[in-house]
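Side-chain atoms are counted along with the backbone in the values below, which use heavy atoms only and exclude waters and symmetry mates. For this chain, numbers begin at 1 and follow the sequence in order. Bear in mind the structure is a predicted one, so any value in this text is a computation, not a measurement.
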Amino acid sequence: MKNESEKKSDSMKIRLKVNDKIILATMIDSKTTREFISLLPLTLSMNDLFRREKYAHLPKTISTAGKRSFTYAVGDIVYWSPGPDVAIYYRQDHERIPTPGIIVIGKIDSGIEALDSAGSVKVTIELI
């Protein structure tokens with residue numbers, strides 16, 4: 001059975017707009033996620049890192065109470081606390097994430113291919 005803090009919540013769905021494409025995601029119910037949701041709506045210029053993820057600097061630091069991971073799955077939406085950054089993994093390269101690790105806050109449900117391009121993209125993130 002999953003820990004309460006790691007459950008997906010249907011009440012926390014987000015939409016990401018990349019150019020004319022829509023990405024849908026379900027957020028995990030946690031303190032870190034709730035603080036991220038409180039920042040929405042956000043429009044971010046998301047940079048590309050290693051052709052595996054898009055990331056952007058958040059306007060402020062959020063909770064680091066979530067479980068840290070040193071691996072990721074395609075579609076993970078994560079918080080990288082040293083940034084403080086939000087990142088979305090769109091391709092797998094099997095590299096380990098450096099210390100202090102990432103906190104998974106959500107998972108892409110559909111449309112991840114909209115992020116699979118070199119370079120930066122402008123992304124608008126909003127609660128549905």
Side-chain angles (χ1 to χ4, degrees):
M1 190 167 179
K2 283 192 171 185
N3 182 319
E4 278 297 307
S5 67
E6 295 179 8
K7 281 192 333 189
K8 283 189 176 182
S9 173
D10 286 336
S11 64
M12 289 198 295
K13 296 264 192 188
I14 61 171
R15 175 180 324 140
L16 299 90
K17 295 178 186 175
V18 181
N19 300 321
D20 59 347
K21 297 178 180 142
I22 300 294
I23 300 170
L24 299 175
T26 303
M27 305 307 285
I28 294 167
D29 187 10
S30 71
K31 183 175 182 180
T32 305
T33 303
R34 287 188 296 275
E35 288 187 17
F36 173 75
I37 294 291
S38 75
L39 301 175
L40 302 182
L42 281 174
T43 298
L44 303 168
S45 179
M46 297 192 80
N47 300 305
D48 195 77
L49 185 62
F50 306 127
R51 285 290 284 135
R52 72 173 183 200
E53 68 189 86
K54 297 289 194 228
Y55 74 95
H57 197 68
L58 292 175
K60 70 176 200 165
T61 301
I62 59 176
S63 171
T64 58
K67 178 184 168 194
R68 295 203 181 254
S69 177
F70 296 92
T71 61
Y72 67 92
V74 170
D76 282 351
I77 302 169
V78 305
Y79 179 56
W80 169 254
S81 58
D85 296 327
V86 63
I88 304 169
Y89 292 92
Y90 65 85
R91 183 178 290 171
Q92 183 60 261
D93 67 2
H94 303 286
E95 292 292 323
R96 285 189 51 81
I97 304 301
T99 300
I102 53 177
I103 300 169
V104 177
I105 60 173
K107 183 79 173 174
I108 299 295
D109 298 324
S110 64
I112 191 76
E113 60 279 354
L115 296 175
D116 191 357
S117 63
S120 299
V121 292
K122 186 175 173 185
V123 179
T124 299
I125 306 170
E126 58 192 5
L127 192 62
I128 297 177

Measure across [X] and [Y] and return the closest heavy-atom pair with its distance rounded to 0.1 Å.
{"X": "Arg68", "Y": "Gly101", "result": "NH1-O, 3.5 Å"}
{"X": "Pro59", "Y": "Leu39", "result": "CD-CD1, 4.3 Å"}
{"X": "Leu44", "Y": "His57", "result": "CD2-O, 3.8 Å"}

Legend entry - Ile62 side, atom CD1; Phe36 side, atom CZ - distance, nearest 0.5 Å: 7.0 Å
Legend entry - Straight-line distance of Ile23 CD1 to Glu113 CD, nearest 0.5 Å: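 If I round to the nearest 0.5 Å, the distance is 7.5 Å.
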Legend entry - Side chain to side chain, Tyr89 and Leu49, heavy atoms closer than 4.5 Å: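 When only atoms from C-beta onward are counted, Leu49 and Tyr89 do not touch, as no gap falls below 4.5 Å.
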Legend entry - Pairwise side-chain contact, Met46 with Ile88, heavy-atom cut-off 4.5 Å (strictly under):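 Counting from C-beta outward, Met46 and Ile88 do come under 4.5 Å.
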Inset, instruction - Please step through salt bridge (charged side-chain N to carboxylate O under 4.0 Å, His left out) for the pair Glu53 and Arg91, ending with a clear verdict. - result: CA-CA 7 Å; Glu53 68 189 86; Arg91 183 178 290 171; over 6 Å; no
Inset, instruction - Apply side-chain hydrogen bond (donor to acceptor under 3.5 Å, both in side chains) to Tyr72 and Gln92, showing your working. - result: CA-CA 8 Å; Tyr72 67 92; Gln92 183 60 261; 3.1 Å; yes
Inset, instruction - Before giving the answer on side-chain hydrogen bond (donor to acceptor under 3.5 Å, both in side chains), spell out for Tyr90 and Asp76 the whole-Å C-alpha distance, their side-chain angles and the decisive distance to 0.1 Å. - result: CA-CA 8 Å; Tyr90 65 85; Asp76 282 351; over 6 Å; no
Inset, instruction - Scan side-chain atoms only and decide if Thr124 and Thr43 contain a donor-acceptor pair under the 3.5 Å cut-off. - result: yes
Inset, instruction - May I ask you to check whether Lys13 and Thr26 show a side-chain donor-acceptor distance below 3.5 Å? - result: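 Yes, Thr26 and Lys13 have a side-chain donor paired with an acceptor closer than 3.5 Å.
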Inset, instruction - Start with the C-alpha distance between Arg51 and Asp116, add both sets of side-chain angles, then the distance that settles salt bridge (charged side-chain N to carboxylate O under 4.0 Å, His left out), and finish with yes or no. - result: CA-CA 8 Å; Arg51 285 290 284 135; Asp116 191 357; 3.5 Å; yes
